[in-house]
**Q** 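Structure provided below as structure tokens; questions to follow.
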Protein chains: 2
Amino acid sequence: MIDTKQKILDTAERLFGHQGFDATSLRQIISGAGVNLAAIHYHFGSKEELLDELVTRKATPVNDERLAMLDRALAMAGEGPLAIEPVLEAFLMPMAVLGPSTGRVMGRLLAEGLMPKLAKRHFGDVIQRFRSALERSLPHLTPEELGWRMHFMMGSLALTMSGQPIFVPGGGEGVDLAERLRCLVTFLSGGFRAPGSR
Amino acid sequence: MIDTKQKILDTAERLFGHQGFDATSLRQIISGAGVNLAAIHYHFGSKEELLDELVTRKATPVNDERLAMLDRALAMAGEGPLAIEPVLEAFLMPMAVLGPSTGRVMGRLLAEGLMPKLAKRHFGDVIQRFRSALERSLPHLTPEELGWRMHFMMGSLALTMSGQPIFVPGGGEGVDLAERLRCLVTFLSGGFRAPGSR
DNA sequence: GTCTATACTGAGATAGAC
DNA sequence: GTCTATCTCAGTATAGAC
């Protein structure tokens, strides 16, 4: 069947999102997808490459939307000063279109430290564009301090996408991703705007 | 030998810190520690309980120092307003005493989502004390929004303790933990101080 | 080209001898 | 307390059916 590959991807996405990458076995995936174990290695080569393809498929439209929103923010600012909020919105809000499963996958990956490998392949130029925009918005920061703040942002984002918000009364289950991300934009705007610490 | 247990703990801490929990096998640990495989299950019961004991041993002094610093901050503030910085410093700076290995372990745990289980056991009352202090510092926030911001903070902290800072020129390897954490305090102060988003 | 059956190595866990 | 042997299940590799 032509959609064996698709069934594997769908099932893997769901299980990775719920249980994490390491905790999900290929045998769980094939059982859920109703395919043979070796089909995974035929179509993808390995468990890690399956993950890689999953990320590529989901990340591409998100990154396109990120850059489109960033371009609009830059056009609006013109030659004048560039506020942080629209830059952060451009980076973060497009993730809201990811379903809960994909969101959890992305967050898990960031969190499990698997991202460094994938990041350069899939996000390299996007990150570069946003770093430039942030440099323009925040000229008071050294490159090192800006790098750290971007690092902090990725950490917050990771837990926001993946984790159970154990500090939020009610577990935050009723709060959809877009609202979480708006809350995060507010928080990060304040953080980025803080004076340099050295 | 009485210190079989200690040798296992030391080696596990080092390997978990460098490779993460999932990526470290018990057989790597016993080979590094020079003990038998079954010794781990005799002394700890399982791989996860080994981790649990590791966390307990390292977290207890950190949490004690956190509460001591928080008490000092509350005493300094008296009846007046309570600034955010000393509260965040009390929560974050005690982690600087953790060596790089333990720091990575802690960060990994936060990031791998293993913390929710461990958190309630080891950090429950500490978190409660700090939530109260933050509520006093930031009366303009709803309980939900404060919860989200604490969640964001844990995400940033996790990546700060564990991850390679890929956005920092030079990889940030020369920057010690205390300086990273000071940088994080500045950032988070700005974030927590941001106006409520709803 | 696609998929199945099966086997290989290494993981965590356990029972029982010493 | 410690060690050997063994169990199940993980990811992986390959030979061959259609």
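What's counted below: heavy atoms across the whole structure, side chains too, no hydrogens, waters or symmetry copies. So you know, we letter chains A, B, ... as the sequences are listed, proteins then strands, and number each from 1.
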**Q** Closest approach to the side chain of A/L37, judged atom by atom: which nucleotide of C/dT6, C/dT14, C/dA5 is it?
**A** C/dT6
**Q** Rounded to whole Å, how long is the line connecting atom CD1 of A/I30 with atom P of D/dT12?
**A** 13 Å
**Q** At less than 4.0 Å, is any side-chain N or O atom of A/S25 found next to OP1 or OP2 of D/dC9? Yes or no.
**A**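 Indeed not, no polar side-chain atom of A/S25 lies that close.
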**Q** Answer yes or no: does atom NZ of B/K47 have more than 12 heavy-atom neighbours from other residues, nucleotides or ligands under 6.0 Å?
**A** yes
**Q** Measure the distance from NE2 on B/H43 to C1' on C/dA13 and round it to the nearest whole Å.
**A** 16 Å
**Q** Just how far, in rounded Å, is P of D/dA13 from CD of A/E49?
**A** 10 Å
**Q** Measure from CG on A/L15 to P on D/dA10 and round the result to the nearest Å.
**A** 12 Å
**Q** Centre of A/Y42's six-membered ring, under 6.0 Å away, within 45 degrees of the axis: is that where NZ or CZ of A/K5 sits?
**A** no
**Q** Do any N or O atoms from the side chain of A/R149 and from the backbone of A/A194 form a donor-acceptor pair under 3.5 angstrom?
**A** yes
**Q** Report yes if at least one side-chain N or O of A/Y42 is closer than 4.0 Å to OP1 or OP2 of C/dT2; otherwise report no.
**A**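 For A/Y42, the contact criterion (side-chain N or O under 4.0 Å from OP1 or OP2 of C/dT2) is met.
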**Q** Between the base of C/dG10 and the side chain of B/R27, is there any donor-acceptor pair under 3.5 Å?
**A**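 Result: no qualifying N/O pair found.
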**Q** Answer yes or no: is there a donor N or O on one side and an acceptor on the other, between the side chain of A/T24 and the main chain of A/L15, under 3.5 Å?
**A**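 Side chain of A/T24 to backbone of A/L15, a donor-acceptor pair under 3.5 Å: yes, one is there.
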**Q** Quick one: which of D/dT2, C/dT4, C/dA13 gets closest to the side chain of B/K47?
**A**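 Closest nucleotide among those given: C/dA13.
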**Q** Is there a side-chain contact (heavy atoms from CB on, under 4.5 Å) between B/R136 and B/L74 once you walk through the steps?
**A** CA-CA 10 Å; B/R136 182 176 150 195; B/L74 291 170; 3.7 Å; yes
**Q** Judged by each residue's nearest nucleotide on DNA chain D, which is more toward the 5′ side, A/L26 or A/A38?
**A** A/L26
**Q** Figure out the CG/C1' separation between A/N36 and D/dT14, and round it to whole Å.
**A** 13 Å
**Q** Measure CD1/A/I40 against C1'/C/dA5 and give the value in whole Å, please.
**A** 16 Å
**Q** Less than 4.0 angstrom between a side-chain N/O of B/H41 and OP1 or OP2 of C/dA13, yes or no?
**A**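 Checking B/H41 against C/dA13: at least one side-chain N or O falls below 4.0 Å of OP1 or OP2.
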**Q** Given atom CG of A/D22 and atom P of D/dA10, what is their separation to the nearest angstrom?
**A**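 The distance from CG of A/D22 to P of D/dA10 comes to 13 Å, rounded to the nearest Å.
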**Q** Rounded off to whole Å, could you give me the CD1-to-C1' distance for the A/I29 and D/dT12 pair?
**A** 14 Å
